[in-house]
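Working notes for the structure below.
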Amino acid sequence: MNIVLLGAPGAGKGTQAARLVEEFSLPHISTGDMLRAAVKAGTPLGKKAKSYMDAGDLVPDDVIIGLVTERLQEPDTQKGFILDGFPRTSAQAVALDAELSKLERPLDAALLIDVDFEVIVKRLTSRRMCRECGYIGSAADASCPKCAGEMYQRDDDNEATVRNRLDVYEKSTAPLVDYYRGCDLLVKIDGDRDPDVVYAEVKQALGL
Ligand code: AMP
């Protein structure tokens, strides 16, 4: 199963991806996670990406397309993949199509998790993540419920940056919904519900 997850930052893509990955053992390709790892490791990519990420702006297309293209060459993606946070621009979507057609591994679905922007602002400003295992929780989690690791707030989860990320989403990424609808790949799910309910619907919609 080759899936692209679409939706605004904070819509629940990471949460739903984590569940699909666990249940179906598919590689989770999250460009945000890959960039955060590069920032943490202080690599040239991380140094280049950090200022864009801190402002809530998009990292340039050529950088991110190169990163994903390389990742798709790895053998674990042959059994399928979940792309989370990519593509985010039309240029990225076109590059992905070209790469997947070269690899003869077309997309099965583009899953849109739809959530109202004001709900997202509340969600993201109270979101906390585990430093150890990446678990996504909230300000109510003193430590990670999965591994007892330290919970932290992402640098870009403050309100001003969240609002900029939503503006960027609306301008650059939302048009991809029509793009994938035109390719007859779009599956839309209401994400403003309990994650378990959303997940059940995701599986049903994907025929899993
Ligand atoms: P995320 O964890 O998906 O919300 O991504 C965090 C940040 O990483 C974004 O606000 C962007 O600065 C950057 N980023 C992640 N994925 C992409 C992408 N596909 N294109 C450009 N920038 C990205």
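Order of appearance sets the numbers: ligands from 1, and atoms from 1 within every ligand. In what follows, every heavy atom counts, from backbone to side chain, and hydrogens, waters and symmetry copies are set aside.
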Task: From L45, D155, V59, residue fulfilling side-chain contact (heavy atoms from CB on, under 4.5 Å) relative to K50 - done: D155

Open item on the list: When you compare the side chains of D61 and T89, does any donor N or O come within less than 3.5 Å of an acceptor on the partner?
Closed with: yes

TODO: Answer yes if F86 and V168 sit in the same cluster of Ile, Leu, Val, Met, Phe, Trp and Tyr residues linked by side chain heavy atoms under 4.5 Å apart, and no otherwise.
DONE: no

Task: Pair E201-Q16, side-chain hydrogen bond (donor to acceptor under 3.5 Å, both in side chains): steps then yes or no - done: CA-CA 11 Å; E201 206 168 296; Q16 296 302 320; over 6 Å; no

Open item on the list: Show me, by chain and number, every protein residue that has a heavy-atom distance under 4.0 Å to ligand 1.
Closed with: T31, G32, L35, R36, M53, D57, L58, V59, I64, G85, F86, R88, Q92, R154, D156, R165

TODO: For K13 and G85, indicate whether the former's side chain and the latter's backbone hold a donor-acceptor pair under 3.5 Å.
DONE: no

Open item on the list: Please determine whether residues Y135 and M34 belong to a single hydrophobic cluster, defined as Ile, Leu, Val, Met, Phe, Trp and Tyr linked transitively by side-chain heavy-atom distances below 4.5 Å.
Closed with: no

